[in-house]
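Presented below is the structure to which this report refers.
Just so it is clear, the values below take in all heavy atoms, side chains as well, and ignore hydrogens, waters and symmetry mates.
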Amino acid sequence: MPKAKGKSRRHKYSYNLNRKRLYRSARRRAAPRIACSHIRHAWDPSKSVAQNLAEMGLSEDPNKALPIPKKLGVEAESNGQQSGKKIVRKPYVVNEMEYEASLPEKKLNTLSRDLIDYVQYMIQNHGENYKEMARDEKNYYQDTPKQIKRKINVYKNFYPEEYKEFMASLKPEKMDVQ
């Protein structure tokens, strides 16, 4: 099949194209992208980064804020002398950030309902016998005994209360059978 015309042609440099105009917007100093909403709302674009952070009571350089002492004796001397304290004009930013950090973290990890039903079915019918579970007809994905054991352990770790309730509900059934 023949090649398309012009594909093998060498591209020539265009001397008349003004490349400064293309990159002018990229060179313009832009405000930093701020992820924290508290800092974003208190940010003053007319001031520098160092001035904005100093007003909020935050440090621009963590190495300067908490220097690592070279010797243990030097630490006691430097803590006693604090020259030049900066005035914090926006302390609410730090307070809001501390409050947000103190809130408990939400659990985002969940398992699908199908996997939970599969694990409960396997435990209900086979107990702790993973080899039997691997040979079960409901083992559609042909999981090995170790894979099934791993899935059960993940279920135990994600939903410990639900697992305890499920195991407690199984005990009376087993007693009736025996």
**Q.** Closest heavy-atom pair and its distance - A134, T144
**A.** CB-C, 4.4 Å
Q | Nearest heavy-atom neighbours spanning Q147 and Q142 | A | OE1-O, 4.2 Å
Q | M122 CE to I152 CD1 distance, which is reported to the nearest 0.5 Å | A | 8.0 Å
(Q) Do M133 and D143 have side chains that approach each other closer than 4.5 Å (heavy atoms only, starting at C-beta)? (A) no
Which side-chain N or O atoms in residues 55-62 pair as donor and acceptor under 3.5 Å with protein atoms at least two apart or in another chain?
unit_1	atom_1	unit_2	atom_2	d
E55	OE1	K47	NZ	3.3
E55	OE2	K47	NZ	2.3
S59	OG	D61	N	3.3
S59	OG	D61	O	2.9
D61	OD1	N63	N	3.3

Q) Of the non-hydrogen atoms in K151 and Y118, which two are nearest, and what is the gap between them? A) CD-CE2, 4.2 Å
Q | Under 3.5 Å: donor-acceptor pair, side chain of K90, backbone of A42 | A | yes
(Q) A quick test of your reading: do over 12 heavy atoms of other residues, nucleotides or ligands sit less than 6.0 Å from CZ of R89? (A) no
Q. If only atom types and distance count, is the side chain of N52 paired as donor or acceptor with the main-chain N or O of W43 below 3.5 Å?
A. no
(Q) Holding to ring-ring contact (aromatic ring centres under 6.0 Å, His included), I want the full list of residues that pass it with Y140, two or more places apart in sequence or in another chain. (A) none
Q: For Y159 and I116, indicate whether the former's side chain and the latter's backbone hold a donor-acceptor pair under 3.5 Å.
A: no
(Q) Starting from V94, can I reach V88 by hopping between I/L/V/M/F/W/Y residues whose side chains sit under 4.5 Å apart? (A) no
Q | Qualifying residues under ring-ring contact (aromatic ring centres under 6.0 Å, His included), relative to Y15, sequence neighbours excluded | A | Y13
Q: Could you give me the CA-CA distance, side-chain angles and deciding distance for N16 and S14, then say whether side chain to side chain donor-acceptor pair (under 3.5 Å) is met?
A: CA-CA 6 Å; N16 297 329; S14 177; 5.5 Å; no
Q. If every non-hydrogen atom of H38 is compared with every non-hydrogen atom of V93, which pair is closest and at what distance?
A. O-CG2, 4.1 Å
Q.
Would you say that N109 contacts F158 through its side chain, given a criterion of any heavy-atom pair below 4.5 Å between the two side chains?
A. yes
Q) How about K156: does its NZ atom have over 12 heavy atoms from other parts shown lying under 6.0 Å from it? A) yes
Q.
What I want to check is whether the side chains of E128 and Y130 have a donor and an acceptor closer together than 3.5 Å.
A. yes
Q: Mind listing the closest non-hydrogen atom pair of F166 and Q120 along with its distance?
A: CZ-O, 3.3 Å
Q. Within the distance-only criterion (no hydrogens, no angle test), does the side chain of N157 pair as donor or acceptor with the backbone N or O of N153 below 3.5 angstrom?
A. yes
Q: First locate atom CG of N139, then atom OH of Y121, and finally report the distance between them rounded to the nearest 0.5 Å.
A: 10.0 Å
(Q) Would Y155 and L111 count as a side chain to side chain contact (heavy atoms under 4.5 Å, CB included) here? Give the steps. (A) CA-CA 8 Å; Y155 173 66; L111 296 177; 4.2 Å; yes
